[in-house]
Number of protein chains: 2
Amino acid sequence: MTAPARHGRRPTIAEIASRSGVSSGAVSYALNGRPGVSDETRARIIAIAEEIGWVPSNAARALRGGAASAIGLVIAREPSDLGVEPFFMAFIAGIEQVLSEHGFALMLQVTARKEQELATYRNWWSARRVDGIILTDLKVDDERLALLAGIGLPAVVVGDPAYANGATTVWSDDAHAAQAAVERLSRLGHTRIAHVAGPAQFAHTRVRSEAMRRECHERGMAMLGEINTDYSLAAGTQACEDLLSLPEPPTAIVFDNDVTALAGLRVARSAGLRVPDDLSILAWDDSPLCEISEPPLSALRRDVPSYGASAATVLLHLIQHGEAVSVRADSAQLVERGSLAQARP
Amino acid sequence: MTAPARHGRRPTIAEIASRSGVSSGAVSYALNGRPGVSDETRARIIAIAEEIGWVPSNAARALRGGAASAIGLVIAREPSDLGVEPFFMAFIAGIEQVLSEHGFALMLQVTARKEQELATYRNWWSARRVDGIILTDLKVDDERLALLAGIGLPAVVVGDPAYANGATTVWSDDAHAAQAAVERLSRLGHTRIAHVAGPAQFAHTRVRSEAMRRECHERGMAMLGEINTDYSLAAGTQACEDLLSLPEPPTAIVFDNDVTALAGLRVARSAGLRVPDDLSILAWDDSPLCEISEPPLSALRRDVPSYGASAATVLLHLIQHGEAVSVRADSAQLVERGSLAQARP
DNA sequence: CTGTTAGCGCATTCAC
DNA sequence: GTGAATGCGCTAACAG
């Protein structure tokens, strides 16, 4: 209950005021770049503030009704899944870059429990801990959207606008990338492909699956199967085994993440198939894992840090101006590495 | 009797006071479980608070000089390195579990720039954003320790006490694990081993290296080389190539992380060596990557989430009581998977 | 235009 | 149980 003993007293505006011989109001104007003080006085005040190392008390500002100068991010995944999920760290790094330029901090919560996630949003907002949040892993019929709208917490949704229910979004056009992937496979002569996808409830899973199916249909290719996984090694292995044991197995498989792609590679090899000669493999979201395998995996690469940076930029704009427009980030680019080859007749 | 809560405005203690007909002071006592109000009044106050959805304003509490109810964590790595670093996400997940039980939040910063890290600590503390921090990636002669002590920011250091300069630490006994690893290799008949280590400035790198060297010496084994890396694929590849091109190459290599171990596996294979028959490989810190390779890699596994939980627990104790004792977490256990074999004569 | 004064916001706590 | 002070920055209303 009792706060720890603080060392030196924190410098406050009052101290700057007494040192500079003006009122605390003038100091506040000077320090915030607002009119009401002469340039000369302002310079003197700023010099003193820097000298004694004044930093605005976030508590006081937030209490006054101002910004908490922080945004929140809940990562709603199992910790064990996150271990091999390169997306979030890169995404966070991008967010941070923007936040630090604006003096904002990031509050993070890692929990897979939906109730806790919702409670966290409520609590962060009520307790004035954050000014807004970034919502990731958008789901189909995502119930979090209603909560956020209901309590009025500013939010930027990372995901396809079609599933965001009107919220401001930052999204990468996965449908476009999916088309490009199918097109590439088509050019290589593949006519029977499959998709080892992520969890069905994720909006981006659905976007990818639908786009691939549509593109296959238009090109007269067969989409042999869309198997949903939890991105894990085990699920990827199972999915790939199922696909390869079909009477007419696919000649190319697109995996929604790197781990399942590696699992697929292993399954193919132990089934006596050569990659890419007998089976082409394409991984969604590039990572060092894709480089390390044999053969290295071709991948759909996004600039994840700049994706995070965009999300942060849009959210800050939303917080500061009450409105913001959705932004489409660059869609994924196909990086060829050697796991794609001409389909064998 | 009870008017509906005004829309758009957070319920405050003042509102509860007016509704229950007592002073705001009494409400505060009631809500915080302190003496000063009758049980009957307390019950009535709590009921009203719940009804109108009151949540304490963190800003007001922090302003009052109380806790910010948040702790900070700076991850001082390059974002690109973090992509394949399973440690931090698992560590954070463990931290969160403890924090959420105590109503604390986590402030995160990801930056590889030392200046920014130091500025962040200063700012978090000055602005009352956090009550304490967890310091990871302890370095030899770590200058962050002096800063933290200087500004009086409570901190728990994750790392070997020998390098923590008296700060409270939570640490896993890497020396012990290193000994166990060398002992295991010794039993398998290896007499020439090598260590592909992490960055030399990390305290845990030094602890591991020294322990391995010492243990090798005692067992009459040769430590052919300690090569420092930045944990990257490229560095691991280079290190392994260097080791395998020695006149008398090692028969076993210990890698400080999973990525360099996989790089080593690849190098060995392309050099025509069989793993584990010609070369044994051991990875520090287990991960799904170790399971996915062929052969799957034997690894030194720690319970990282509980490591993080310990750090959080100790830090909260330090914050709330002004003192805390260092805690040694369980040291890593050797998980055998098939990348270790008897040395060939 | 330059600057001052007097609250506000919210929970906590001490003297009464 | 109460009233009032406290912590800190911001800003409307006001004065020179």
Side-chain angles (χ1 to χ4, degrees), chain A residues 1-4 6 8-46 48-49 52-69 103 125-129 131, chain B residues 5-6 8-46 48-49 52-69 103 123 125-129 131:
Chain A
M1 280 301 165
T2 38
R6 298 193 188 281
R9 239 176 279 103
R10 270 168 38 80
T12 68
I13 273 194
E15 186 174 345
I16 301 174
S18 79
R19 287 207 192 204
S20 58
V22 296
S23 71
S24 67
V27 174
S28 176
Y29 290 136
L31 258 18
N32 291 304
R34 317 178 104 255
V37 282
S38 67
D39 290 353
E40 192 189 354
T41 309
R42 186 188 304 276
R44 201 173 75 246
I45 289 172
I46 291 175
I48 294 175
I52 67 178
W54 178 82
V55 174
S57 158
N58 233 276
R61 281 190 169 167
L63 179 61
R64 186 67 186 70
S69 292
W125 186 229
S126 307
R128 304 242 164 120
R129 281 179 171 288
D131 301 312
Chain B
R6 264 167 303 183
R9 187 177 280 177
R10 274 167 37 79
T12 69
I13 273 194
E15 188 175 345
I16 300 174
S18 79
R19 288 203 189 209
S20 58
V22 296
S23 71
S24 66
V27 174
S28 177
Y29 290 136
L31 259 18
N32 289 304
R34 307 174 69 93
V37 283
S38 68
D39 289 352
E40 191 190 355
T41 308
R42 186 189 303 275
R44 201 171 74 245
I45 289 172
I46 290 176
I48 293 175
I52 66 176
W54 176 83
V55 175
S57 158
N58 234 274
R61 281 190 169 165
L63 179 61
R64 188 65 186 70
S69 293
N123 187 276
W125 187 228
S126 305
R128 305 241 165 121
R129 280 178 172 289
D131 301 313

- In terms of the nearest nucleotide of DNA chain D, which residue is placed more toward the 5' end: A:Thr12 or B:Ser38?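 On the 5' side of the pair lies B:Ser38.
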- Which comes earlier along DNA chain D counting from the 5' end, the contact point of B:Arg42 or that of B:Ala60, where each point is its nearest nucleotide?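 First, find each residue's nearest nucleotide; the 5'-ward one identifies B:Arg42.
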- Query: Choosing from D:dT2, C:dG3, D:dC8, which nucleotide comes nearest the side chain of A:Thr41?
  - Reply: C:dG3
- Task: Name the closest nucleotide to the B:Leu63 side chain, picking from D:dT2, D:dC8, C:dC10.
- Result: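 For the B:Leu63 side chain, the nearest candidate turns out to be D:dC8.
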- Message: Just to verify, what does A:Arg34 make a side chain to side chain donor-acceptor pair (under 3.5 Å) with, not counting sequence neighbours?
- Response: none
- Note on the structure: Hits for side chain to side chain donor-acceptor pair (under 3.5 Å) against A:Thr41, two or more places apart or cross-chain, chain-then-number order -> A:Ser38
Rounded to whole angstroms, how far apart are [atom1] on [X] and [atom2] on [N]?
X        : N     : atom1 : atom2 : answer
A:Arg128 : D:dG9 : CZ    : C1'   : 14 Å
B:Arg129 : D:dG9 : CZ    : P     : 14 Å
A:Ile13  : C:dT5 : CD1   : C1'   : 15 Å
A:Glu40  : C:dT2 : CD    : C1'   : 12 Å

Check this one for me: any side-chain N or O of [X] less than 4.0 Å away from OP1 or OP2 of [N]?
X       : N      : answer
B:Trp54 : C:dC10 : no
A:Ser23 : C:dT4  : yes
B:Arg61 : C:dT12 : yes

May I have the list of side-chain donor-acceptor pairs in residues 54-65 of chain B shorter than 3.5 Å, sequence neighbours left out?
unit_1: B:Ser57; atom_1: OG; unit_2: B:Ala59; atom_2: N; d: 3.3
unit_1: B:Ser57; atom_1: OG; unit_2: B:Ala60; atom_2: N; d: 3.1
unit_1: B:Arg61; atom_1: NH2; unit_2: B:Asn32; atom_2: OD1; d: 3.2

- What is the minimum heavy-atom distance between B:Ile45 and B:Ala30, and which atoms define it? CD1-CB, 3.7 Å
- Query: So which heavy atom on A:Pro11 is nearest to which on A:Gly53, and how close?
  - Reply: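 Reported closest heavy-atom pair: CG-O, 3.5 Å.
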Report, one pair per line, the protein and nucleotides 11-16 of chain D atoms (nitrogen or oxygen only) whose separation is under 3.5 Å.
unit_1: D:dA12; atom_1: N6; unit_2: A:Tyr29; atom_2: OH; d: 3.0

- Message: Show every salt bridge (Lys or Arg N to Asp or Glu O under 4.0 Å) that has at least one partner inside residues 23-33 of chain B, sequence neighbours left out.
- Response: none
- Message: A:Ala68: which residues meet the side chain to side chain contact (heavy atoms under 4.5 Å, CB included) condition with it, sequence neighbours left out?
- Response: A:Asp131
- Query: End-to-end bend of the helix from C:dC1-D:dG16 to C:dC16-D:dG1 (five-pair axes, 10° rounding)?
  - Reply: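 Between the first-five-pair axis and the last-five-pair axis there is 50°.
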- Query: Side chains of A:Ile16 and A:Leu31: does their closest heavy-atom pair fall under 4.5 Å?
  - Reply: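 When only atoms from C-beta onward are counted, A:Leu31 and A:Ile16 do touch, with a gap below 4.5 Å.
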- Query: Could you state the interatomic distance from OG (A:Ser20) to CD (A:Glu15), rounded to the nearest 0.5 Å?
  - Reply: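 Here the interatomic distance stands at 10.5 Å.
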